[in-house]
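Chain naming here is simple, since letters A, B, ... match the order of the sequence lines and numbering starts at 1 in each. Both backbone and side-chain heavy atoms feed into the values below; hydrogens, waters and symmetry mates do not. From a predicted model like this one, the values you see are computed outputs, not experimental measurements.
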Amino acid sequence: MPSPTPRPRHWLMKSEPDECSIDDALAAPGATVPWTGVRNYQARNFMRDAMRVGDGVLFYHSGCAQPGVAGIAEVASQACPDATQFDPASPYFDPASTQDSPRWLNVDVRALRKTRLLTLAEMRSHPELAQMQVLRKGNRLSIMPVTDEEWRFIVDGLLGD
DNA sequence: GCCAACGTTGGC
DNA sequence: GCCAACGTTGGC
């Protein structure tokens, strides 16, 4: 029998630093923030079906002048209904979602440390990272798995500085 | 179920 | 601000 693909244990999660930077996350109570506002089914399903507490997270700054990995974090909760979908004042309000059957979920993410910025350009320069999903043209997913090898390469590199 | 239109993402 | 890529919507 073919062995099933193991569950990813590491993730890359994008955040716009204007909204929540690694500094903001580290300054939050318990250095933990609810990862609300995900409105993409594939990203939601990663949180719902594959993430486990303790999984490693590359905290990635997107939609800014200097995109790249800005810190290391970990998954700190299971996926629960995202409260912002029920808040008409929120930009993430989803009038089609109901309390009985919430459409959107979020995990909590605990920031562990800020690192030097590993820029997209630098990531592209490393053959070891060439297969990373975040480097693919047209990539728009805000949450994606990172392989054990990619995780080790990046974390060792960042923490070795 | 197809597919065009539309909106959003995100790097540059 | 531009534009490529892609997800979603809605008419048919």
Between A:F86 and A:P102, is there a side-chain heavy-atom distance shorter than 4.5 Å? yes

Using ring centroids (six-membered ring only for Trp), state whether A:Y41 and A:W104 fall under 6.0 Å. yes

Between N or O atoms, less than 3.5 Å apart, protein on one side and nucleotides 3-10 of chain C on the other: list the pairs.
unit_1	atom_1	unit_2	atom_2	d
C:dA5	OP1	A:K137	NZ	3.0
C:dA5	N3	A:R140	NH1	3.2
C:dC6	O2	A:R140	NH1	2.0
C:dC6	O2	A:R140	NH2	3.4

At how many degrees, to 10°, do the end axes of the helix from B:dG1-C:dC12 to B:dC12-C:dG1 meet when each uses five pairs? 10°

With a 4.5 Å cut-off on side-chain heavy atoms, are A:Y60 and A:S15 touching? no

Looking at A:D94 and A:R103, is there a salt bridge between them, counting it only when a charged N and a carboxylate O are closer than 4.0 Å? yes

Indicate, with yes or no, if the rings of A:F59 and A:W35 have centres closer together than 6.0 Å. yes

Just by distance, with hydrogens left out, do A:T84 and A:D82 show a side-chain donor and acceptor under 3.5 Å apart? yes

Just by distance, no angles: are the side chains of A:T147 and A:E150 close enough, under 3.5 Å, to form a donor-acceptor pair? yes

